[in-house]
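Notes to accompany the following structure.
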Amino acid sequence: MSKKTHPKKIYLPEEKLPKTWYNIVADMPNKPLPPLHPATKQPVGPDDLAPLFPVELIMQEVTQERYVDIPEPVREIYKIWRPSPLIRAYELEKALDTPAKIYYKYEGVSPAGSHKPNTAVAQAFYNAREGVKKITTETGAGQWGSALSYATQLFDIELQVFMVKVSYNQKPYRKTMMNIWKGNVVPSPSNLTETGRKILAEDPDNPGSLGIAISEAIEMAVKDPHTKYSLGSVLNHVLLHQTVIGLEAKEQMEMADAYPDVVIGCFGGGSNFAGISFPFLQDKLTRGKDMRVIAVEPDSCPKLTRGEFRYDFGDTIGMTPLIPMYTLGHNFMPPAIHAGGLRYHGAGAIVSQLLNDGIIEASAVPQLESFEAGILFARTEGIIPAPESTHAVTQTIREAVKAREEGKEITILFNLSGHGHIDLGAYEQYLNKEIHNYSVTDDQIAENLKVLDDMGFPKI
Ligand SMILES: *Cc1c(COP(=O)(O)O)cnc(C)c1O
């Protein structure tokens, strides 16, 4: 009698790399609401976005087509690290003594060490094809800046990164990565823009913020017709590009003769969560598959679990259109947790609609529990997760423990969005017992949201 084998790692052959991305908008019962112009409160059209993005990406932002072709040159670059492995976490299962089967998709195998190159390469490609010579962007902890540096130099595009000044000083290795890939990095506020010069004139020691960095990047892009701007999360086209993760995972789960009861992703602006979950959600939306899909945020930045679904700016300063989002208010200043990629005040339009419609769930995790989960994962599965990814690990552990208590043999799939090799400073603090939990009061949230009432931003 042949014994059924249970492989630990499931590789998809290169020729099975998806040829299209999946656009969930085609299958959503309620389509995402349009972005609005902040002054007129009228829907923003493609023309309004033309100074910032290439035409092809603007079309992807609004398309209702179910599948969008992945250009061949993008697929060729993807093949350097894709298809990424799907791994059965046997060692973690043993440590938790759980009947649950745990699978994870590992995106840390990319050049920048996270899922972000999946969209960075696509965005650089479309910009290059439309003759764009230079791209600007902002970066907080530096993950997006390094992914986009890698991608733009492949297509001979110059890149200017505005990196929040405190992070620039705290994370020198991210800057080195960007420089290796030819990215120009300045601490923001900088003297390259009017916004930056004005802030520095008033306050030379200003530590910077993501909002200021966005303003500087947008200002530089709109002032030059050959320069465009790029964003690494939140927008529909970014989520679209990341679905390559879930499309591969679906094939790999089939190879393992498994299907998830629960799909989990950590949540900053929503791109890796969308990437792992949307292709599975298609089965829930179109074939009535019963499955839970959980977005995991830090409890210090709880827009999905405690925010409000309404129109708000995508940035802190107010340069973007009004986006229909679960938000804590654009003025919300999240505590300085180590999962820098999850410190964002809002969620994208698609994910917000799905949450509002009860198609997905959200959960919030305290910082200490997330590091404990990261350490357990490193000691069992071997990989040291990025501080952002530990949030997905935490929820996975919670579900696996619940499965043990209830005696249920469920299958869990989560996305390990990146490795933590450039974030070891955070782990060192954890080992030195210097990591704390932060709490956010209801009053703080209400106060921030009241600003939106005062500004007359529509509720949904
Ligand atoms: C940026 C980042 C995130 C958060 O961004 P999303 O758009 O929500 O995916 C999560 N994990 C890692 C490793 C990141 O670099």
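As the structure lists them, so they are numbered: ligands from 1, and atoms in each ligand from 1.
At a threshold of 4.0 Å, the pair D27-R66 counts as salt-bridged, since one of the basic side-chain nitrogens sits closer than that to a carboxylate oxygen.
Every residue was checked against the ring pair (Phe, Tyr, Trp, His ring centres under 6.0 Å) condition with F278, not counting sequence neighbours, and none meets it. Listed by chain and residue number, nothing satisfies the side-chain hydrogen bond (donor to acceptor under 3.5 Å, both in side chains) test with Y438 (two or more places apart in sequence, or in another chain).
Checked against the 6.0 Å centroid threshold, F414 and Y104 count as a close aromatic pair. Aromatic pair Y259/F280: centroids less than 6.0 angstrom apart.
Pairs passing the side-chain hydrogen bond (donor to acceptor under 3.5 Å, both in side chains) check and including a residue from residues 157-167, sequence neighbours excluded, do not occur.
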Just list the N/O pairs, ligand 1 to protein, that are under 3.5 Å apart, with the distance for each.
| residue | atom | partner | partner atom | Å |
| --- | --- | --- | --- | --- |
| ligand 1 | 7 (O) | S233 | OG | 2.5 |
| ligand 1 | 7 (O) | S271 | N | 3.0 |
| ligand 1 | 7 (O) | S271 | OG | 2.7 |
| ligand 1 | 8 (O) | G268 | N | 2.7 |
| ligand 1 | 8 (O) | G269 | N | 3.0 |
| ligand 1 | 8 (O) | G270 | N | 2.9 |
| ligand 1 | 9 (O) | H115 | NE2 | 3.1 |
| ligand 1 | 9 (O) | S271 | OG | 3.2 |
| ligand 1 | 9 (O) | N272 | N | 2.8 |
| ligand 1 | 9 (O) | N272 | ND2 | 2.8 |
| ligand 1 | 11 (N) | S417 | OG | 2.8 |
| ligand 1 | 15 (O) | K116 | NZ | 2.6 |
| ligand 1 | 15 (O) | Q143 | NE2 | 3.3 |

